[in-house]
Structures are given as C-alpha cells and as structure tokens.
Amino acid sequence: MDTSSPAAIARLILPKVPLLFKTAIWHSLWLSPTSTKWDLKTELIVKMLRSLLNSPHPTPISKQQRHSLRDPGIKGNMWISKTVLLAPEEDDVRELLVKAVDEMREGGEAYAAPEIAPVEAEWTGYRANVDAHRPHLDLSEEQHYERLMTEVTNDVTILYFHGGAFFLMDPATHRVPTSHLAKLTGGRLLSVRYRLAPQHAFPSALLDALIAYLSLLYPPSGSYHTPVSASHIIVSGDSAGGGLCISLVQLLLQINRFISSSQKKITFHGQTVTLPLPLPAGCATQSPWLDMTRSMPSVNLNAQYDYLPPPLTAEKASTFPHCDIWPTTPPRGDLYCDVSMLCHPLVSPLAAKDWSGSCPLLLLYGEEMLADEAKIIATRVTRQGVTVVSEQWEAMPHCFAMIFPDSPMAKRCFADLTSFCKVVIKGVEPETRGLWFEAKTQKETEIEVEGLAVIGDEEVRERMMRAREARDLGIEGEAKVLPKL
C-alpha cells in the first residue's frame, strides 16, 4: 500500500468508495453481522483494510516491502537516536543459535545458517513539552541519546520488535506507538531493525534479536548505553514482532537447558559471557503471531472480526508476481522459511513444548484470527508454572490497539502493558490471570487461564503438521545439511 502522498492515498481510497458507502448503510440499518459489536468507524476501517489486504491482484513482494519502509520522519513528542549494534567478530553467538536450532529439529527440516551482521536499531524516548509538529533537532545521534536519557524516569528498558509478517515495516513505521509506550512507562525502548524476509530467511531475524539482547547486557566499546541488567529489560513486540520476542525467550531457554550444560561461556565483543544467559524480566506482546502455519480454529471462526488475509497456500505462494526478491533462489514455499521449518519451535513458538523457567508473559489480543495461538500458549505455560497475563477484547481485530489508538480499548491495552513493565522490573511477579473485555461496554470478566485453550496439545500438533504438509510444494529447501561453521 502506497501512502506516501495525498495523491497516492486518493488512488488507494477512491476505488473503495462504493464499499465504504455500502458498509455505512448496512451498519446504520443494523444489517451488518458486526454492527452490534462495532461502531461505524471500526466497521469502515476493518472493511477497508480487509479489502486492501485481500486483493485478487497481489502486489509484488518487493513493492509491498519498499512502500512499507518509507520513513515518515521524526517530529513531535519523540526522541529518536539511531544506532548500529556491531556484529561481534567472534562466531560464538551464531554457533549458539545454530546449536539451538539443530537440537530442536525433529529431522528433515531444512535451513541455512545465517551470516552474522550489524543490527540497526533506534533508541526511542518521549520528548515532553513540545507540540506534534516540533522538528527533529540537528544533533548527533549520540547527543540525541543523551537528550533522550534526561527524560527517562525509571529503569524500564523495552527491547522492541515491530510487526509486519516478517517481510514488512521497520522501527520507523512504529515510532508513534513506541514513543507513546516510552511516555507511559517513563522508560526507553530499543526498537530493532531486524533483517526481513524473503531476502533473509529464518533464522536471520532471530540472530539479530539475540545480538540486540546481548548488546543491551554486554554493550561493545563505543555504545551509547551502559550495561543494562536483564532484570530491567522487557522484550516486547506486535504481531510477527510479538512472535519473534517469544521465540527469543524460547531460544534463551533452549540455550540454558541444553547448551550451557556442556559449554560454560562464550565471547561477545571480547567480553567473556558466562552461561546460562539471564532471562529478561518479562515478555509483553500484542496480537503475537505464534503459528506460521495459521492452522488453529480461530483462523476461520474469527475471520468476521479481522482484516488479515487467509492463510498462505502453496498455490498462492507460487502466484505472487515475480520480482527481484521473490521467488527466492533456490525457491521455497514460504516467505519466512523453508516449508519444512514451519513447525520448528523457534519458527512457530506454538510448537514449543517446554516453557519451564520462562519469564512472565503478557498476551494482549482481540477476537482475531490468531487468538487461539495466544490462548493455547497461555494455557500451556501456565500449567508449567510460568506467570501469564492473558487479556482478550471481544470482536477486536489484529493489533487493534495500534489501529485505533484513541479508543478506550487501546488505552486500557497500553495501560496494562505499562503496568506489567513497571511491575516486573521491580522483581515482582504479576498474578496469573485471564480477562475478557466485552465490546462497546468494556465490561471485564475474569477467565481461568488454564482453561483458555480450545484444543489439546496433540490436536495442535496434528493441525500444524497437516498444514505444513499441505504447503509443501516438493521444492528443495535451502540446505538439507547445514554449512560447516
């Protein structure tokens, strides 16, 4: 979607005027199946997004990606300090990741070990007492960071991963919600520009996430920040970014469970890092994407409340218009990874069985197509003794708090995310709880978290495996045998 100019926006919206007019009429006459749950604004926005994302004429992947990466600029109530987290000269971190991926494979999954690379990121903070149009100051990036830190009022440090289905968007697209979160928490965010698919397949983004986390704990020489205690870090994200931060937690658990028993230390930028690695204080997500196969019941049952397109099929993957980044060489059936990897626990955290020892999790989501994924994870980790806060909003679509930022639902969502962050950095475990919020009235009802899962673990696995098999085009994966390290 090109929204770079008024003309581009007009070209986008004008063809949809008949749809919007019909939607308004049906809503006003109470003929829409969602008119009792949504106000007119919500109905128009969701129907518009659904129409754009479900076009019968798909846009080339490269064009979608390019349009999503246009920088809107920096102005108003935000401090932004761009930084580059240097790639360590040692290969220890990459080796840790590859060992973890290998140990969690069941056999036959194909992937290629990624190259280690510098990770771009943006330090984000709230800039008080300026209007929304105040220009970005002409300062060095380090000076911007110093100004940002003068307005930080507590120890909250959020390591943030943006959404965008792993192939769209970056920290620049998320500056408004991340700076808002900085305002509410009084802390700072490090928003990560992880490598995007399809150019960089799994586990490139996860390697970037691990490097970003270690760079907070053990900053290399020349970093703007000083070492950050793991007890002050919350990993957070929305949609695909929410899935990525939960995958990062699972990766840390895997490293600590198995690798640290035989390997006691690694080297990171010349610093000796003792294993096991410390976990963050918490993990806070909005509408996390946890199942890359998208095979849970809510994908169909909740479609009327959502705008997301239906799950990718083998046929659709093969009919994307050819461009300079798709299909890949060699070809594969999924943008993010080889189809054989779709059920790997670090690709789809819904497949991960062992969550013992995890940090507290916060799951915020609507009555959306991905809802069952959050419910199943919440039930599974709670039964393993992990603290979970699950909050679901009736009839709300994917990432509703970011789409309707001024709504009562969004305000409550961000308030509870803020409260979670402030509590966990004090070393206090929040109480495990589940909440259901009714549409329009916002009346809340407590729900037993252990009873959230709509299906059992065995059926979850069967659904995911069947979906993976249906997607398998018989295309050779990137690497049946990993390259030597």
Side-chain angles (χ1 to χ4, degrees), residues 124 126 154-163 171 174 176-192 194 209 212-213 216 228-253 278-290 349 355 358-366 368 370-371 373-375 377-378 381-382 386-393 396 398-402 405 409-435 437 449:
T124 305
Y126 180 69
N154 63 38
D155 292 327
V156 170
T157 299
I158 299 175
L159 181 61
Y160 196 86
F161 302 102
H162 65 84
H174 282 59
V176 171
T178 54
S179 60
H180 181 58
L181 195 51
K183 174 186 178 181
L184 294 175
T185 61
R188 58 183 170 169
L189 288 86
L190 183 64
S191 189
V192 180
Y194 55 85
Y213 182 64
L216 286 178
V228 183
S229 169
S231 63
H232 294 159
I233 299 173
I234 298 95
V235 293
S236 184
D238 62 278
S239 190
L244 182 58
C245 66
I246 291 183
S247 290
L248 176 60
V249 171
Q250 180 60 220
L251 172 62
L252 294 171
L253 291 172
L279 265 67
C283 176
T285 65
Q286 296 185 56
S287 297
W289 186 12
L290 306 173
W355 292 92
S358 171
C359 58
L361 304 182
L362 172 65
L363 305 166
L364 307 167
Y365 53 101
E368 58 182 278
L370 307 186
E373 302 168 24
K375 290 181 178 181
I377 281 286
V381 301
T382 299
V386 176
T387 298
V388 180
V389 179
S390 168
E391 299 185 3
Q392 184 179 21
W393 276 259
M396 283 292 100
H398 186 65
C399 290
F400 64 90
M402 305 181 83
M409 301 82 71
K411 291 177 181 177
R412 175 60 188 268
C413 184
F414 273 101
D416 289 355
L417 198 159
T418 299
S419 176
F420 177 86
C421 292
K422 289 183 174 180
V423 167
V424 296
I425 69 154
K426 295 177 181 177
V428 178
E429 290 245 342
E431 181 182 354
T432 290
R433 71 178 191 275
L435 293 177
F437 295 88
V449 177

Minimum heavy-atom distance [X]-[Y], with the two atoms named:
X: Phe400; Y: Ala410; value: CE1-N, 4.5 Å
X: Ser239; Y: Cys399; value: CB-SG, 3.9 Å
X: Gly237; Y: Cys245; value: N-SG, 3.9 Å

Distance (rounded to the nearest 0.5 Å) between [X] [atom1] and [Y] [atom2]:
X: Leu189; Y: His180; atom1: CG; atom2: NE2; result: 11.5 Å
X: Ile377; Y: Ile246; atom1: CD1; atom2: CD1; result: 6.5 Å
X: Met402; Y: Gln286; atom1: CE; atom2: CD; result: 6.0 Å
X: Tyr213; Y: Leu190; atom1: OH; atom2: CG; result: 13.0 Å
X: Leu363; Y: Leu290; atom1: CG; atom2: CG; result: 7.5 Å
X: Ser236; Y: Leu244; atom1: OG; atom2: CG; result: 11.5 Å

Exercise for review: Just jot down the salt bridge (charged side-chain N to carboxylate O under 4.0 Å, His left out) partners of Asp416, sequence neighbours excluded, or say none.
Suggested key: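 Partners of Asp416 under the salt bridge (charged side-chain N to carboxylate O under 4.0 Å, His left out) test: Arg412.
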Any [X] side-chain heavy atom under 4.5 Å of [Y] side chain:
X: Val424; Y: Pro430; result: yes
X: Asp155; Y: Ser231; result: no
X: Trp393; Y: Leu364; result: yes
X: Pro405; Y: Phe414; result: no

ring-ring contact (aromatic ring centres under 6.0 Å, His included) partners of [X], counting only residues at least two apart:
X: Tyr160; value: none
X: His232; value: none
X: His162; value: His174, Tyr194

Test side chain to side chain contact (heavy atoms under 4.5 Å, CB included) applied to [X] - qualifying residues, sequence neighbours left out:
X: Ala240; answer: Phe166, Trp289
X: Thr157; answer: Trp123, Arg188, Leu216, Val228
X: Thr382; answer: Val388, Thr432, Val449, Glu450
X: Leu253; answer: Val249, Gln250, Arg257, Leu279, Trp355, Ser358

Taking only residues two or more places apart in sequence or in another chain, which ones pass side chain to side chain donor-acceptor pair (under 3.5 Å) with [X]?
X: Ser390; value: Tyr365
X: Ser419; value: none
X: Ser287; value: Glu368

Review point. What pairs meet the salt bridge (charged side-chain N to carboxylate O under 4.0 Å, His left out) rule with one or both residues in residues 421-433, with sequence neighbours excluded?
Key: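 Every pair satisfying salt bridge (charged side-chain N to carboxylate O under 4.0 Å, His left out) with a residue in residues 421-433: Glu391-Arg433.
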**Study point:** Candidate pair Val192 and Leu159, rule side-chain contact (heavy atoms from CB on, under 4.5 Å), full reasoning
**Key:** CA-CA 7 Å; Val192 180; Leu159 181 61; 3.6 Å; yes
Check your understanding: Which one of Ile233, Asn154, Leu181, Ile234 satisfies the side-chain contact (heavy atoms from CB on, under 4.5 Å) criterion with Cys421?
Key ->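 For Cys421, the side-chain contact (heavy atoms from CB on, under 4.5 Å) check succeeds only for Ile234.
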Exercise for review: Keeping the roles fixed (side chain from Ser247, backbone from Pro349), state whether a donor-acceptor pair exists under 3.5 Å.
Suggested key: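 No, the answer is negative, given that no donor and acceptor are paired below the 3.5 Å cut-off.
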